[in-house]
Structures are given as structure tokens and as C-alpha cells.
S.K.: 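Quick one: this structure, given as C-alpha cells, is what I'll be asking you about.
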Number of protein chains: 2
Amino acid sequence: MPTIYDVAREAGVSAATVSRVLNGARTVDPAMVARVLTAVRELGYRPNAVARNLRRSRTTLWAVIISDIGNPFFTATVRGIEDVAQQAGYSVVLCNSDEDPAKEETYVAAALSEQMAGVIIASSGSAKAAKSLLDSPIPVVAIDRQLPRGEVDTVVVDNEAGARTATRHLLDAGYRRIACVTGPEGVSTADLRLRGYTAALSEQQPPGEPLVARTDFREQGGYDAMAALLSSPERPDAVFVANNLMTVGALRCLADHEVRVPGEMGVVGFDEIPWADLVRPSLTTVAQPTYELGRMAARLLVDRIATPAGRPATVVLPAELRARQSSAR
Amino acid sequence: MPTIYDVAREAGVSAATVSRVLNGARTVDPAMVARVLTAVRELGYRPNAVARNLRRSRTTLWAVIISDIGNPFFTATVRGIEDVAQQAGYSVVLCNSDEDPAKEETYVAAALSEQMAGVIIASSGSAKAAKSLLDSPIPVVAIDRQLPRGEVDTVVVDNEAGARTATRHLLDAGYRRIACVTGPEGVSTADLRLRGYTAALSEQQPPGEPLVARTDFREQGGYDAMAALLSSPERPDAVFVANNLMTVGALRCLADHEVRVPGEMGVVGFDEIPWADLVRPSLTTVAQPTYELGRMAARLLVDRIATPAGRPATVVLPAELRARQSSAR
DNA sequence: ATGAAAGCGCTAACAT
DNA sequence: ATGTTAGCGCTTTCAT
């Protein structure tokens, strides 16, 4: 691979001049510019970003660490991030922690070692990863979930309000024994959505009794939790499921057990599913502004890189109920 | 941020010794090892990977460039790649070209500049990106789609056979006027799946007449193509759709036009959809071994990094028909 | 077993 | 406007 010195020799100039040309300095003679560009083309020269990054002690790469690449919520969010990043001159590298704290720590370590310009993270709950990030000078934005003990810029949706709306919706439809399937304790989305659910129940006269199943945020977890609820002595007549993949699992479980939805079991899920309207019965969900969430996070990161000091912002975006068939009665 | 020299000073040794300790050389006195590790911990030292990469002129990062992060086919494949990569000591950074050749070129350029250890790419069709990769010394594996004019390691499924099987399945079910919705010309999956479709038709007595709509591989494209077919004078009674997102679009279009599936229109899609069995009617698809495809691609890349020379391999994996309701008659 | 020193490829003072 | 030079942080000969 040719280096900048090969180009300099070929063009009969110094390496500094080549560097200036390539970095758009306008204090270079047009004739030199032409010679340099010709040499670059002839040699097929491509600047070594590693050397450049070392010298500049900064990069133009963002690490976006998400907790499940199979979850459409995250992939939609990434689209929003990418669009802003590209416009601001950054490239996005995506890291999939797969809800595994160990993997998350590996990716955080890589992002720090590689001197990435910034990190956007949907925490899988690793306190160690969070600490590494907070102890480092690297700008961080948390999305979807609060970073453990993290005083950082954050973009989330109003999980509690969304969950309360979803649960009220089931109550209004006439369901009386409403269960909740939520995610791991300590993951903010799991806890806040649960809180919204219990809040809605306690507003009733008489207050509804919570019936809660905790599992991971995966499809299989939703399946298993639903199966447990079905065979419980106080079998519910409706369920609020706190994320999209678990909702899919719950639906599959209900189909396998031939439980009619919404007749025998009303269902509302949190997070939109791309094909929620094609499923029969179509699925009532609490939709989040995923793309906008990504854009907002990226904007915060751009600002934070420009202004490392300053108080962290928390942006809360609204979530919105999309009533469809699965919650009708 | 502390450097290796700060650690050396703190531990009372040379930077070379610190480097040896951190890189697992066993020619270091255990007492020194202990002192170095203490110093590392106390200073919160983290090696600068950029400097290391420059010095070693290699990295441990793979770029995986996929053409649509919203497509479950790719995200499932990425999982397979990641598992092998991690085991082999590489980190995967995912780049989403979004079926946009310009974005693809940007990411290829970044991968080359950043001296990534290898690239796995599902080409969006950019000849320029392909040329950059082939002209460079970086090891490359193409997945899903042939790299334009690319003599590189490749992992694909047997697109033609899968498409033929799907089309025959519709013929066997009694459909007589079968259309095909496929992707852009020049994208190998689009062309080969079309070829399988026409092959199945021409095996008939008398040969069936092809009815082809070309569009992009996106959901909206599938919707529009289906709408065009519906209003065509020779309206088909079945359709073979050459990828999953377009199939979703086609289904939505059929739902909007209140065309009964499979009664008025049989549907088979290529690529599995995560919730194909939850949709009503459940969807007949040609399923690909996505995870295995990812693993295979990663293994080829590991081998290629170890042995840069040598003839490129092409691995063809089987695709398998999953008959469900949408193609019954 | 350890240290001194060179150099990976680039950019940015500084000098001219 | 251009060139000279130092050095980003690390690894790896080469000497000892």
C-alpha cells in the first residue's frame, strides 16, 4: 500500500503538501493540487485512517451499541442515528450486545480503545460497561434505557405513561383480570412499564390486583411467561406485554394453546411490530417514535462532542397507543 | 488518558516491559508482571488501539456491510457471523448501506482506510465499491449476493433451485397464471430467483407464460408491484415474490384491495419472515439457513485472513420450502 | 529478562 | 505557499 510519502515523491512535493491537498487546505497552489491529485490517482493512494487518527487523537466513528439486533425497534432507531451521523460527517458502526452484559463490556472496551468519537448505547444493564464509559472522556448518549447510575444525555420514551395508557385501554374495553409480562429487574424500561401498569390498576374502583411475570425481553421469554399465566390458578383475561419480541412469543403461545384473541385473551404490546397490522388478529401496540428517537440521540451526541462539559439532557418522547383488534371486546 | 509510559514510570519499568506484560509474553519476571498490573489498575490505563493498530499494521475489526438493516434475513446472518468472529478474536462492526450504492462506497472506503482485518459484504450492486475491495489487499467474503465481477469467497443459497421449487409448488397446487415480483436487474439474487421461476414455468405442458414485475427489494416496491399486477389485463391467480420485505408489501396490498389469500391469490415468498406463521393466512416461504450462512462466511474469512492467496471458494447452501396456508388451494 | 531506540503513516507547528 | 521536523502511543528488533 502506498503511503503519503510515495505520493509526495511521485508529485515532486513534500508530504505536508499532499496532506494539505487531501484535507482541503486552500493555501495550496492550484498547479500543485493538480499534480498531487494525479499522483494519488495513479498510485491508487488511500490515506491510512489509523495513522491519521493517532496523529489527530480523534476519529470520526461512532459506536452504536444496541442490545438486540433482531429487534425492529433498535434497527429503526439506528436508521435515525445514521442519517444524522452521516450529515455530521461521522460513520456509524453497530455493535450487537445481544442482551449479554459480557458482550456489552467487550464492545464498550473496543469503542474506548479505538478512540471512537462517541458512543450511543442501549444498555443491557452492565454496571461495569456503564462505569467504563462514565470514567472515560468519551461522549455518551443513552437511548431507550437509562444507563445504570448514569448522568449522561438520555433519550427515552415516556414508558410509564405509555404503559398506563395501554392498561387503561384494556380496562376500558372491559377486561377485568389483566396480567403484565415485563423484562428484567433493573432495566429501566422493564421497571417503568411495570409501574405504569400497576398505576393504571390502582386507579380502579376497587383497585385491580397486579399479576406480574418477569422474564427477559426475548421472544422465548414471552412465550414461557404466557404459558405460565395460562396455567395459573388466577388465569387472566388480558395481558399487557412490555416489549415487542415478548409479545410475539405470547401470541405464538396463545395460538399454540388455541386461546382466542381477543375473545378469551386481550393483548396489548409495547413497541410497534413491523407487521402488527398483518397479523390476525391485528395487534394493538404502544408505538414509539423510533426514527425520531434515533435522530434526537444523534443530535445530542453531536452537541456533546462539540461541548463536552455542561449538564446532561434527558429527552422524553411520547409513546402512542395504536388500538387494533387484539384488544377489542 | 494515561499512556504506556505513565504505566512504565509508575511501575518502575520500561514501556517495553509493560507492552510485554499486556500482550502476554511469558518471558517476564512474575514480580514485574505484578507491579505492572498494579500500575495499570491504579492509573486506569487502557491501551490505545489506534496506536497499536498503526504499529502492527493490522486490526482485529471486521466490517460487515449489509444492504438493509431492517431485513431480518441480514440480522439473522449477522448473528452467525458474530458468533464465529468473537471466537476467533475479532469484533464485528456492522455497516448498513440501505441498498444505496453511495453509502456502500462510503463504508467500503472507511473499512479500507481503517485497515480493517476483513470485510463481509452483501453487495447493493455498486461496481465501484466492489472494485475498491478487489484492488485492495483486504480479505473479502461476499454473502447472499455475488460481488460484481468478483473473484472472491462467496456464500449464497441455491436461489435458482429455491425459486423453481416455490413456483412448482404453486403449479402443483393448481394455480395457472403465476406472476413473479423480483428485485433489481444485476443483483444476483433477483436474477437467479427470476431464472428459477421461468425454468419452472417452461417445464409445464404447455409452458406457462412468465409475468414479471421488477422493483427494488423494499416493502413499498412489493406493494406497488402487486398493485400493478392486480390491475393488469392478465391478472395472475398467484405470485412468487423474490424476497421477504417485498412479500410483506404484496400482502399488505392484497389486504388493502380485499383480495382473498390463498383463494383469489396464492402467495409464496422467498426468505423467511420471523412471524410468517402468525400472519393470517400463514405465509408459505422459501427459508434460508441464515445463521449457518453467517457462520460459513465468517469461517471463510478467518481462513482467508490466514491464507491470503489461494483460489476463492463458493459455498452454496440449500433453501427449503415451508408450505403454509398462503399457497393452499 | 529487560531496556533503548526506531518507526508504523500521518498532521501541525514552525520556519522559510 | 511550501518544506522541515517533531511526535501521536505503541510494538519490536537489537543489545545487554
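The chains referred to below are lettered A, B, ... by the order of the sequence lines, with proteins before strands, and numbering in each begins at 1.
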S.K.: Among D:dT2, D:dG9, C:dG9, which nucleotide sits nearest the side chain of A:Asn48?
M.R.: C:dG9
S.K.: Grab the CG-P distance between B:Leu54 and C:dG7 for me, whole Å please.
M.R.: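 So the CG-P distance, B:Leu54 to C:dG7, works out to 14 Å.
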S.K.: Starting at atom OH of A:Tyr5, determine the distance to atom P of D:dT4, rounded to an integer number of angstrom.
M.R.: 10 Å
S.K.: From the set D:dG9, C:dC10, C:dA12, return the single nucleotide nearest to any side-chain atom of A:Arg52.
M.R.: C:dC10
S.K.: Is the side chain of A:Asp98 donor-acceptor paired with the backbone N or O of A:Asp68 at a distance under 3.5 Å, no angle test?
M.R.: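 Side chain of A:Asp98 to backbone of A:Asp68: no pair is present.
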S.K.: OP1 or OP2 of C:dT11 versus the side-chain N and O atoms of A:Asn23: is any pair under 4.0 Å?
M.R.: yes
S.K.: Send over the distance from B:Asn53 CG to D:dT11 P, rounded to a whole Å.
M.R.: 10 Å
S.K.: Show each protein N/O and nucleotides 14-16 of chain C N/O combination with a separation under 3.5 Å, one pair to a line.
M.R.:
none

S.K.: Quick one: do B:Arg145 and B:Glu104 make a salt bridge, cutoff under 4.0 Å?
M.R.: no
S.K.: How long is the line joining CE of A:Met1 and P of C:dC8, in whole Å?
M.R.: 16 Å
S.K.: Starting the side chain at C-beta, find the nucleotide from C:dC8, C:dA1, C:dG3 nearest to B:Ala16.
M.R.: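 Among the listed nucleotides, the one closest to the side chain of B:Ala16 is C:dG3.
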S.K.: Verify the contact: side-chain N or O of B:Ser19 to OP1 or OP2 of D:dT11, cut-off strictly under 4.0 Å; return yes or no.
M.R.: yes
S.K.: Quick one: is A:Ser14 getting a side-chain N or O under 4.0 Å of the D:dG3 phosphate, OP1 or OP2?
M.R.: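 Answer is yes, contact under 4.0 Å.
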S.K.: Mind checking if B:Thr3 touches a base, just sugar-phosphate, or nothing, with heavy atoms under 4.0 Å?
M.R.: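 Contact class for B:Thr3: sugar-phosphate only.
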S.K.: Indicate yes or no: does B:Arg58 engage B:Glu114 in a salt bridge with an N to O separation below 4.0 Å.
M.R.: no
S.K.: To the nearest Å, how far apart are A:Arg55 CZ and D:dC10 P?
M.R.: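 These atoms are roughly 16 Å apart.
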S.K.: Is the shortest side-chain N to carboxylate O distance from A:Arg299 to A:Asp153 below 4.0 Å?
M.R.: no
S.K.: Salt-bridged, A:Arg46 to B:Asp135, with N to O below 4.0 Å?
M.R.: no
S.K.: Between P on D:dT11 and CG on B:Leu22, what's the gap in Å once rounded to a whole number?
M.R.: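 So the two atoms are 7 Å apart, to the nearest Å.
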S.K.: Of the candidate nucleotides C:dC10, C:dT2, D:dT11, which contains the atom at the shortest distance from the side chain of B:Thr17?
M.R.: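 Taking heavy atoms from C-beta onward, the closest nucleotide is C:dT2.
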S.K.: In terms of side-chain heavy atoms of B:Ala15, which of C:dC10, D:dG9, D:dT11 is nearest?
M.R.: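 Given the options C:dC10, D:dG9, D:dT11, the side chain of B:Ala15 is closest to D:dT11.
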S.K.: Look at the side chain of A:Asp29 and decide which nucleotide, out of D:dA1, D:dA6, D:dT11, has an atom nearest to it.
M.R.: D:dA1
S.K.: Of A:Val156, A:Thr290, A:Thr189, which is the lone residue that meets side chain to side chain contact (heavy atoms under 4.5 Å, CB included) with A:Asp144?
M.R.: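 Of the listed options, the one satisfying the test is A:Thr189.
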S.K.: Given B:Ser123, which partner from the list B:Leu147, B:Val108, B:Ile65 fulfils the side chain to side chain contact (heavy atoms under 4.5 Å, CB included) test?
M.R.: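 Result for side chain to side chain contact (heavy atoms under 4.5 Å, CB included) with B:Ser123: B:Leu147.
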S.K.: Within the structure shown, what part of the strands sits under 4.0 Å from B:Val13 by heavy-atom distance: base, sugar-phosphate, or nothing?
M.R.: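 Sugar-phosphate, no base atom in range.
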S.K.: Taking all atoms of both residues into account, what is the closest heavy-atom pair of B:Leu22 and B:Pro47, and its distance?
M.R.: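 So the minimum-distance heavy-atom pair works out to CD2-CG, 4.3 Å.
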S.K.: Please give, in whole Å, the distance from D:dC10 C1' to A:Glu114 CD?
M.R.: 13 Å
S.K.: Given atom CZ of B:Arg9 and atom C1' of D:dG9, what is their separation to the nearest angstrom?
M.R.: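 Between C1' of D:dG9 and CZ of B:Arg9: 14 Å.
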S.K.: Which of these nucleotides, D:dC10, C:dC10, D:dT12, is closest to any side-chain atom of B:Arg58?
M.R.: D:dT12
